[in-house]
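In what follows, every heavy atom counts, from backbone to side chain, and hydrogens, waters and symmetry copies are set aside.
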Amino acid sequence: MNEKFQNHFKQVLADLKEQGLYNSNIRSLSSPQGAYLVIEGEKKLNMCSNNYLGLANHERLREAAINAIKDFGVGPGAVRSIAGTMDLHGQLEDLIAEFKKADAVLTLQSGFQANTAVIPLLAGKNDTIISDELNHASIIDGVRLSGCQNKMIYKHSDMTDLERCLQQERPGRTLIITDGVFSMDGDIAKLPEIVELAEKYDAAVLVDDAHGEGVLGKGGRGIVDHFDLHGRVDVEVGTFSKAIGTVGGCVAGSKELVEYLKQRGRPFLFSSATTPPDVAATIESFKILMENEDLVDKLWDNGKYFKEKMSALGFDIGHSETPITPVMVGEAAKASEFSKKLFEEGIFATSIGFPTVPQGTARIRVMISAAHSKDDLDFAVEKFAKIGKEMGLI
């Protein structure tokens, strides 16, 4: 490697360690996702995965993936637009459209890819994009790729500030973008108000429902269903790597939008299709969600139980409106120490610091799952209480 580049890497890594921002929490798992994980040969309670409904290792998903390999092989062999579209892809897209009550759906390789595919097609150099200040990195990158020169950032979930942006001169088309559930704090976007403002000022709305699918709405149908805004939100972006338990992403909207994506969406055109076992497992996951609401109900029950216990102990758990539970610590180095102590006590819960969250707001983001039992949650609360007292947090 070129010496100048090597020296740059070394300096950046040294600076991260000095600032307490070096990520030392990247650990290898020796087991499937579930309430417990095997890490470094030891069993740890899993409190940081996005496996909200416990579907990542569900027997029906595993069987569907195995059968797909037998029928379709392992790899897609090509991009979707050449020879990589299999019957399974169409089946999944039709199923999601039915599930979400959308006109049409296009699936992609990840939620990140979905944002970078659709945002540049919705707004270009001469258009206007208005984005919530806490939107996910994939949205930020999608906006950058659009080349849009008139970008505005509104204060987080501040509808007065959003309207201020809309009242300014706005060249071309206007696109408002928001996360549905903000993953670091667990709060829900004020989507009804956003839609009303969009309709008032002739703008389109894109919502990234990564942490809402499988969580919000009837049986996990997402934020649009949660607020009964079907037909009023222009674009829904989703991911399968969280509550759905697999991997991949999707864009839901009008038939014309999906057709446009098939013709011009760069991740669709230039990256190989999602693999047959992944697609088949995702189909099975959506079928499970459409059968009953038991897993979604259990997720919310677990989230309420854990948050009540933590709040009663005196922990600052922010203002989450979902099962996501941020345990606020403050400085990144202190949050990292808290995470290490939890690990020693049998709990895997990583710390989150800058730049993922603002300076001084580092936290342990606890991700509750339907896979957890009440005994699991009681064990976690006991260990959080022990370490929280030791570190002066409660």
>> Checking Lys100 against Glu236 for the salt bridge (Lys or Arg N to Asp or Glu O under 4.0 Å) test, could you report, in this order, the C-alpha distance in whole Å, the side-chain angles of both residues, the deciding distance, and whether it holds?
In response: CA-CA 9 Å; Lys100 297 183 72 65; Glu236 293 178 68; 3.0 Å; yes

> Can you name the residues that form a salt bridge (charged side-chain N to carboxylate O under 4.0 Å, His left out) with Glu40, not counting sequence neighbours?
Replying inline: Arg27

> Taking atom types as modelled, is there a side-chain donor on Ser369 or Asn51 under 3.5 Å from an acceptor on the other?
Replying inline: no

>> Applying ring-ring contact (aromatic ring centres under 6.0 Å, His included), can you list everything that pairs with His230, at least two apart in sequence or on another chain?
In response: none

> Is a salt bridge present between Arg363 and Asp185, judged by a nitrogen-to-oxygen distance below 4.0 Å?
Replying inline: yes

>> Restricting to salt bridge (charged side-chain N to carboxylate O under 4.0 Å, His left out), what partner residues turn up for Asp179, sequence neighbours left out?
In response: none

> Which pairs, with at least one residue in residues 80-91 and sequence neighbours excluded, count as a side-chain hydrogen bond (donor to acceptor under 3.5 Å, both in side chains)?
Replying inline: Arg80-Thr85, Arg80-Glu93, Arg80-Thr107

>> Tell me every residue that passes salt bridge (charged side-chain N to carboxylate O under 4.0 Å, His left out) with Lys386, counting only those two or more places apart in sequence or in another chain.
In response: Glu345

>> Can you see whether Tyr52 engages Asn302 through a side-chain donor-acceptor pair at a distance of less than 3.5 angstrom?
In response: no

> Phe384: what forms a ring-ring contact (aromatic ring centres under 6.0 Å, His included) with it, not counting sequence neighbours?
Replying inline: Phe338

> By ring-ring contact (aromatic ring centres under 6.0 Å, His included), which residues pair with Phe182, not counting sequence neighbours?
Replying inline: His156

> Does a side chain donor of either Thr246 or Thr282 reach within less than 3.5 Å of an acceptor in the other side chain?
Replying inline: yes

>> A side-chain contact here means heavy atoms from C-beta on lying under 4.5 Å apart; do Met152 and Arg164 qualify?
In response: no

> Which pairs pass side-chain hydrogen bond (donor to acceptor under 3.5 Å, both in side chains) with one or both residues in residues 251-277, sequence neighbours excluded?
Replying inline: Thr275-Asp278

>> Taking salt bridge (charged side-chain N to carboxylate O under 4.0 Å, His left out) as the definition, give me every residue that meets it alongside Asp141, ordered by chain and number, with sequence neighbours left out.
In response: Arg144

> Can you tell me if Asn46 and Gln33 form a side-chain donor-acceptor pair at under 3.5 Å?
Replying inline: yes

> Can you name the residues that form a ring-ring contact (aromatic ring centres under 6.0 Å, His included) with Phe99, not counting sequence neighbours?
Replying inline: Phe286

> If only atom types and distance count, is the side chain of Thr325 paired as donor or acceptor with the main-chain N or O of Pro323 below 3.5 Å?
Replying inline: yes

>> So, using side-chain hydrogen bond (donor to acceptor under 3.5 Å, both in side chains) as the criterion, who are the partners of Glu42 when residues are at least two apart?
In response: Lys44

>> Is a donor from one side chain sitting under 3.5 angstrom from an acceptor on the other, for Tyr36 and Asp376?
In response: yes

>> Under a 4.0 Å threshold between the charged nitrogen and the carboxylate oxygen, would Lys218 count as salt-bridged to Asp225?
In response: no

> Between Leu166, Val205, Asn150, Asp202, which is the residue that forms a side chain to side chain contact (heavy atoms under 4.5 Å, CB included) with Thr174?
Replying inline: Leu166

>> Going by side-chain hydrogen bond (donor to acceptor under 3.5 Å, both in side chains), name the residues that satisfy it together with Glu163, two or more places apart in sequence or in a different chain.
In response: Lys200, Tyr201

>> So that I can tick it off, tell me whether Lys374 and Asp301 are bridged by a salt bridge, with the cut-off set at under 4.0 angstrom between side-chain N and carboxylate O.
In response: yes

> Regarding Gln11 and Asn7, is there a side-chain donor-to-acceptor distance under 3.5 Å anywhere?
Replying inline: no

